[in-house]
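Below: the structure, in structure tokens.
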Amino acid sequence: MAFSFAVVANIFFLLVAFLLPCLHSFRAVHPKRSADGKAAQVKWLRYWTVFGLLHFVNSAFSALGLNSSSMENDVRVTAVKTVILLWLQFPDAHGATFIFTTLLGPLLGSQEAHITSAVAQTMDVCKGQALRASRAGLMKLPPAVTTPLKVMLPGIGGDGTGDAQPTAEKKLQKKND
């Protein structure tokens with residue numbers, strides 16, 4: 001079986017995107033394997049935060065149909081993504097630290113309450129939809145799924161109606177007081 005250049009490029013991208021950072025993260029959280037200790041943990045936590053944002057944006061574009069499957073399979077796009085991820089990881093470049101401290105950290109810091117509220121509301125709506133579909137017999141959710149859903153969001157629109165806003169806002173208000 002012959003591999004095309006695109007397949008090799010995608011495999012290399014996956015190694016750079018996931019395997020290499022996982023290995024470094026593993027070493028960072030195990031003190032006997034990391035000489036850097038806390039600094040390495042912070043570096044890799046910043047990398048995963050930036051990576052998560054990039055992955056979220058890429059997935060949102062895909063969901064909205066703003067990038068085609070041909071673009072995703074384009075070797076040039078894969079090469080650009082790989083170079084960006086290498087820049088984020090490379091010790092001398094400190095790309096993830098730069099993005100986190102100049103853009104992502106200040107943005108998340110200033111919008112944390114709004115983001116937390118939006119996530120809580122979205123999770124509550126999803127939980128409510130899943131529970132309603134299960135009750136209506138449209139899908140069978142095992143207790144292994146329904147129990148964590150009920151536990152994850154106690155008191156946030158717990159009736160599954162998706163009406164999380166008043167409760168989430170009250171929780172945030174108490175937290176900010």
Side-chain angles (χ1 to χ4, degrees), residues 3-127 130 148-149 151-153 156 164-165 168-169 171-172 175-176:
F3 285 107
S4 70
F5 185 70
V7 170
V8 173
N10 281 318
I11 290 171
F12 183 69
F13 170 77
L14 292 173
L15 290 172
V16 169
F18 296 102
L19 192 59
L20 186 60
C22 283
L23 177 62
H24 287 293
S25 298
F26 172 77
R27 289 177 179 157
V29 298
H30 286 81
K32 294 178 182 176
R33 292 185 170 93
S34 174
D36 297 337
K38 190 77 168 171
Q41 292 174 4
V42 169
K43 173 188 173 185
W44 289 105
L45 187 55
R46 286 179 175 167
Y47 168 81
W48 286 113
T49 304
V50 172
F51 178 83
L53 174 71
L54 292 175
H55 186 68
F56 173 79
V57 169
N58 187 52
S59 297
F61 280 165
S62 292
L64 296 172
L66 298 176
N67 59 350
S68 66
S69 61
S70 63
M71 186 172 133
E72 282 295 312
N73 295 325
D74 188 341
V75 174
R76 293 170 296 201
V77 172
T78 302
V80 169
K81 287 180 178 181
T82 303
V83 168
I84 291 170
L85 291 176
L86 285 170
W87 176 73
L88 290 174
Q89 297 172 31
F90 194 63
D92 294 337
H94 302 289
T97 298
F98 175 77
I99 296 292
F100 186 88
T101 57
T102 59
L103 177 70
L104 195 54
L107 176 68
L108 290 175
S110 68
Q111 300 298 316
E112 182 178 6
H114 299 294
I115 294 168
T116 301
S117 177
V119 167
Q121 290 174 35
T122 303
M123 287 182 68
D124 193 51
V125 169
C126 292
K127 177 183 104 171
L149 284 175
V151 172
M152 281 174 24
L153 303 170
I156 302 179
Q165 188 170 0
E169 286 177 0
K171 283 189 171 197
L172 286 173
K175 183 179 177 182
N176 292 334

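Just the heavy atoms: all of them, side chains too, but no hydrogens, waters or symmetry mates, feed the values below. Numbers here are sequence positions counted from 1.
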Hey, which of V8, V7, L14 is the one that makes side-chain contact (heavy atoms from CB on, under 4.5 Å) with I11?
V7

Test item: [X] and [Y] side chains (from C-beta on) under 4.5 Å apart, heavy atoms:
| X | Y | result |
| --- | --- | --- |
| I99 | W87 | yes |
| F12 | T78 | no |
| T49 | L53 | no |
| K127 | D124 | yes |
| Q89 | V16 | yes |
| P21 | F51 | no |
| T101 | R46 | yes |

Would you compute the distance between atom [atom1] of [X] and atom [atom2] of [Y] and round it to the nearest 0.5 angstrom?
| X | Y | atom1 | atom2 | value |
| --- | --- | --- | --- | --- |
| L104 | F98 | CG | CZ | 12.5 Å |
| F100 | H94 | CZ | NE2 | 15.5 Å |
| T122 | I115 | OG1 | CD1 | 11.5 Å |
| H30 | Q41 | NE2 | CD | 10.5 Å |

May I have the step-by-step check of side chain to side chain contact (heavy atoms under 4.5 Å, CB included) for L54 and V50, ending in yes or no?
CA-CA 6 Å; L54 292 175; V50 172; 4.2 Å; yes

Do the side chain of S117 and the main chain of A113 share a donor and acceptor less than 3.5 angstrom apart?
no

Take W44 and Y47, measure what ring pair (Phe, Tyr, Trp, His ring centres under 6.0 Å) needs, and give me the verdict at the end.
CA-CA 5 Å; W44 289 105; Y47 168 81; 5.4 Å; yes

